[in-house]
Number of protein chains: 2
Amino acid sequence: MSQPPQPSHSLDPVQLGAYFALIEVAGLLRHAVEQQLREAGDLSYVQFQLLARLGHSQTGSHRMTDLADDVVYSRSGLTYQAGLLERRGLIARTTSPDDERGVTATITDAGRELLGRVMPGHAELIDELLFQQLPREDAQALADLLAPARDHMRSTPPRSAARRRRR
Amino acid sequence: MSQPPQPSHSLDPVQLGAYFALIEVAGLLRHAVEQQLREAGDLSYVQFQLLARLGHSQTGSHRMTDLADDVVYSRSGLTYQAGLLERRGLIARTTSPDDERGVTATITDAGRELLGRVMPGHAELIDELLFQQLPREDAQALADLLAPARDHMRSTPPRSAARRRRR
DNA sequence: GGTCTGTGCTTCGAATTTGAAGCACTTGCC
DNA sequence: GGCAAGTGCTTCAAATTCGAAGCACAGACC
């Protein structure tokens with residue numbers, strides 16, 4: 001037999017619990033939402049996120065790299081998903097005007113239409129699963145608690161694309 | 001041109017913000033942790049979760065189905081991951097004593113050893129990314145906010161295995 | 001016992017995901 | 001200008017993921 005695992009030196013039980021709960025809730029939520037989106041509009045979660053980002057932006061456009069960072073996704077994965085969305089006519093890809101290398105994704109009317117069709121059910125589900133359990137002011141509290149961590153992780157070292165290896 | 005997307009009827013901006021922050025933080029956290037685990041012990045996040053579950057349980061054992069539900073994973077995916085872990089000698093699989101159909105996964109000494117070796121770095125990273133930004137009492141608050149939602153999602157309809165289709 | 005339905009896990013095939021490598025353009029610097 | 005290094009995206013191959021289908025045992029009912 002062996003020793004029980006060492007208790008962590010860095011995290012106390014409260015923190016550990018909060019961390020686990022966070023991961024667990026996110027996982028459960030994502031899992032449930034994924035099914036709803038699949039049924040409502042045959043969209044994966046990432047695809048939905050991409051449409052939502054584009055749909056909510058002023059111009060309806062974003063560069064590929066920015067999108068990848070936004071949804072925390074690999075660049076090659078984004079290329080793949082953007083290809084699927086483009087094939088369905090939900091987004092369009094054009095080379096960026098200012099940078100010949102760049103590609104700008106733009107949501108199409110069809111994309112907006114689908115987004116609008118899927119959104120209500122999505123919101124309803126989130127509401128049912130998450131916010132039925134949380135009074136309004138708790139939702140605010142949750143957002144306030146998470147915001148600093150998000151900003152910290154966004155700012156500090158890691159972009160979704162790790163720095164490229166020297167050759 | 002087309003209409004901007006309909007605002008949701010079910011979620012106000014505060015709730016939407018909390019929801020997005022939750023997904024975003026979880027994604028960023030998972031992404032960062034994944035790299036740390038890969039380097040520290042060549043483990044994927046799921047594999048780490050599985051070892052952690054087993055390591056922290058009294059017996060060091062769990063049924064496959066329970067594990068799948070715990071980590072919010074498909075059953076076939078779990079079979080695959082358990083196969084990898086078993087091949088590396090980190091867990092052992094045996095048919096359950098009470099149910100001939102069931103399979104019980106048990107962490108091995110090597111598994112405990114690896115878990116113990118990876119855990120400190122893991123905890124450190126979580127601490128750095130998440131809890132440096134959160135005073136102790138806020139961690140408690142976060143856990144308290146998430147717990148009801150987790151329990152709700154755990155209890156209500158959806159297990160990780162959808163009910164089987166009638167034939 | 002025998003049958004019918006349900007459950008636990010694995011196998012299978014198809015779709016997705018990712019990092020590494022490749023290509024094209026940009027920027028910095030001489 | 002011209003070269004070197006950096007960035008944006010895609011392509012490629014390999015690993016992972018999931019649901020559906022399959023197999024074996026369990027449990028209920030007769």
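To find a chain, count down the sequence lines: A is the first, B the second, and so on, and within it residues start at 1.
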Contacts of A/E113 that satisfy side-chain contact (heavy atoms from CB on, under 4.5 Å) - sequence neighbours left out: A/R117

ring-ring contact (aromatic ring centres under 6.0 Å, His included) contacts in which one or both residues fall within residues 81-113 of chain A, not counting sequence neighbours: none

Atom-pair distance (CZ on B/R63; P on D/dC25), nearest Å: 15 Å

Side chain A/S76 and base C/dG19 donor-acceptor under 3.5 Å: yes

Rounded (10°) bend between the five-pair end axes of the helix from C/dG1-D/dC30 to C/dC30-D/dG1: 20°

ring-ring contact (aromatic ring centres under 6.0 Å, His included) contacts in which one or both residues fall within residues 102-134 of chain B, not counting sequence neighbours: A/Y19-B/H122, B/F48-B/H122

Residue-level proximity of residues 91-103 of chain B to DNA chain C when a heavy atom falls under 4.0 Å: B/R93, B/R101, B/G102, B/V103

Proximity to DNA chain C (any heavy atom under 4.0 Å), residues of residues 77-85 of chain A only: A/G77, A/Y80, A/Q81, A/L84

Within residues 78-100 of chain B or reaching into it, pairs that qualify as ring-ring contact (aromatic ring centres under 6.0 Å, His included) - sequence neighbours excluded: none

Residue A/S74, side-chain atoms from C-beta onward, closest of C/dC9, D/dC18, C/dT18: C/dT18

Contacts of A/A110 that satisfy side-chain contact (heavy atoms from CB on, under 4.5 Å) - sequence neighbours left out: A/L90, A/T108

Between C/dT7 (P) and B/D69 (CG): distance, integer Å: 13 Å

Of all pairs that satisfy salt bridge (charged side-chain N to carboxylate O under 4.0 Å, His left out), the ones with a partner from residues 132-145 of chain B, not counting sequence neighbours: A/D12-B/R136

Atom-to-atom span, NE2 of B/H31 to C1' of C/dG19 - whole angstrom: 11 Å

Interatomic distance where CZ belongs to A/R30 and C1' belongs to C/dT16 [whole Å]: 13 Å

Pairs touching residues 90-110 of chain A that satisfy ring-ring contact (aromatic ring centres under 6.0 Å, His included), sequence neighbours left out: none

Nearest-nucleotide comparison on DNA chain C, the residue closer to the 5′ end among A/Q47 and B/T104: B/T104

Spacing between B/E34 atom CD and C/dG19 atom P, to the nearest angstrom: 9 Å

Gap between atoms CG and C1', on B/L43 and D/dA15 respectively (whole Å): 16 Å

Pair B/D66 + B/R53, salt bridge at N-O below 4.0 Å: no

For atom CZ of A/R75 and atom C1' of C/dT16, their distance in whole Å: 19 Å

Donor-acceptor contact present, side-chain A/S96 to main-chain A/D98, <3.5 Å: no

Residues which pass salt bridge (charged side-chain N to carboxylate O under 4.0 Å, His left out) with B/R30, listed by chain and number, not counting sequence neighbours: none

Atom-pair distance (CD on A/E86; P on D/dT10), nearest Å: 9 Å

Salt bridge (charged side-chain N to carboxylate O under 4.0 Å, His left out) against A/R93, all qualifying residues, sequence neighbours excluded: A/E86

